[in-house]
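Please read these numbers as outputs of a predicted model, since none were measured by experiment.
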Amino acid sequence: MASPGGTAARATRHDDRLLAEGARVLERLRGPLADPGAEERARLEGADDEGRVVARAAALPVAGELRAALAQAAQVAAGVAAGGALLALLAGGAATGAALGFGREDQINVFAVLGALLGLQLAMLLAWLVASSVRLRPGTGGALGALLSGLGRRAIARLNRGTVHEAAALAHGEVLVGPVGRWTFGTLSHLLWTAFNVGALTALVYLLSTRHYLFVWETTLLSDDTFAALTRAAGRLPAALGFDVPSPEQVHATRWTPGVAPDEASRRAWSGFLIGALLVYGLAPRLLALGFCAVRRGAARRRYRLDLSRPEFAALVARFAPRSADLGVVDPDDGREPQGPDAAAAAVERPAGPPAIVSVEIDAPASGWPPALDGVAWDDLGAVDDGDARRRLLADLRAAPTEPAVLTVVCDLTATPDRGLGHVLQRLRESVARPPLLVLTAGEALRRRQSGDAFARRVEDWRALAGRAGFGPERVVELDLDHLTEATRG
């Protein structure tokens, strides 16, 4: 995530960032939400890139509708959580009733009851503690976030709520990728288990108050002394809180024996032990974990920042602070080929695979990515936005058993054709034996910024750079992917 960039960025609320995420998703679904007034307000109010993106989203005409849709989606999620907690409460009561019905002739195996009520949840609590202690990667929660946003999207589509509500559901889901999602789902999980324990404890107290149970125990593997020691160990915490716990003599006396019923004192001691154990080992840990996750969730929401590397946000940042100018080829190298310390050897021709496409420092085209062409099944190699991405891509291209039938490289005409881009193009050219294709997009955006002569010079600068990188003139195509037509698709 992008780091906060100043006082204004730190003052931005999570809900404002969520609105910006919703606007980004809405643009992905509908297309650009062009509004000069909103962008002007963003330039005036934003102290940094994130602040300008947030201010622009708040000033869009659709902001009110989108904010209402986001709030409604949050209310629906809260309602689902409340409904789940109610079901968990009922499930806890039902589990207690079933566990106390396991006995033979009103004699209840006390440890069978504890196993039914505590076994699964203690195992899951331990798994959560282990997962939390090893600090799962930042994407933890993303799968659940994607699942919930997908479910929300399908429900909204079924209800015909429109793209604004769809964008709201998807924005909530995408925010749940990372620490916010991790602690949100942790909070939800512990809330459900807390409700389960409340239901189980309530039902246990009620049933013990209204019915007469005789508690016994039995074992095949353990000796009586071992079993008594385990009971004393498990009863230490409940006893410290004032609950009755059976003495060693009572433990020995209540081993199941046909025709022998435990006395009244043993029955009361085992009843106190059951209630105390469920409270200490079931409800209390879940309450602590619930509070811990809720606090961490609040902190994660406060630390959440917009990922300004996403294509829609990156395009906005570029419009707020234009990075390109008519400078010709920046940092020329006197006609020499760009060199790098990790230059690849000449590519060896391999069997042809499917056509592949890669973007180099471009925003996602309005027509979608990769371009949808009849009869073409692209191998999408992703985006080259930094050195790490370039090295990974080149390594994958070299290691693949086949090479693309044609490698299509897409660059943005609004970007300045400097030596860094030339180096990337040359390395991509060297990675394949078959001549690649260079597509120069965003011509319409460049025409809006520059005069006809400046536009022509920029195109020539790009063609010159491509030539030095090894692309033949016939392998360089100007094609605006933001405005594809049937003719240009052909």
Taking NZ, NE, NH1 and NH2 as the nitrogens, is one of them in [X] or [Y] under 4.0 Å from a carboxylate oxygen of the other?
X      : Y      : answer
Arg463 : Glu478 : yes
Asp461 : Arg458 : no
Arg24  : Glu21  : yes
Arg28  : Glu174 : yes
Arg427 : Glu430 : yes

In the structure I gave you, are the side-chain heavy atoms of [X] and [Y] within less than 4.5 Å of one another anywhere?
X      : Y      : answer
Arg17  : Arg301 : no
Asp380 : Trp369 : yes
Asp16  : Leu19  : no
Thr441 : Leu413 : no
Leu308 : Val53  : yes
Leu60  : Leu26  : no
Val175 : His14  : yes
Leu428 : Pro436 : no

State which residues pass salt bridge (Lys or Arg N to Asp or Glu O under 4.0 Å) with Arg475; sequence neighbours excluded, sorted by chain then number.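 For Arg475, no residue satisfies salt bridge (Lys or Arg N to Asp or Glu O under 4.0 Å) once neighbours in sequence are set aside.
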
If you round to the nearest 0.5 Å, how far is [atom2] of [Y] from [atom1] of [X]?
X      : Y      : atom1 : atom2 : value
Thr187 : Leu192 : OG1   : CG    : 11.0 Å
Leu397 : Leu381 : CG    : CG    : 5.5 Å
Tyr304 : Arg13  : OH    : CZ    : 15.5 Å
Arg419 : Arg468 : CZ    : CZ    : 10.5 Å

Qualifying side chain to side chain donor-acceptor pair (under 3.5 Å) pairs with a residue from residues 285-295, counting only residues at least two apart or across chains: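 Sorted result for residues 285-295: His190-Arg286.
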
Taking distance alone, no hydrogens or angles, what donor-acceptor pairs closer than 3.5 Å link side-chain atoms of residues 118-130 to residues at least two apart or in another chain?
unit_1, atom_1, unit_2, atom_2, d
Gln121, OE1, Asn197, ND2, 2.8
Gln121, NE2, Leu117, O, 2.9
Gln121, NE2, Asn197, OD1, 2.8

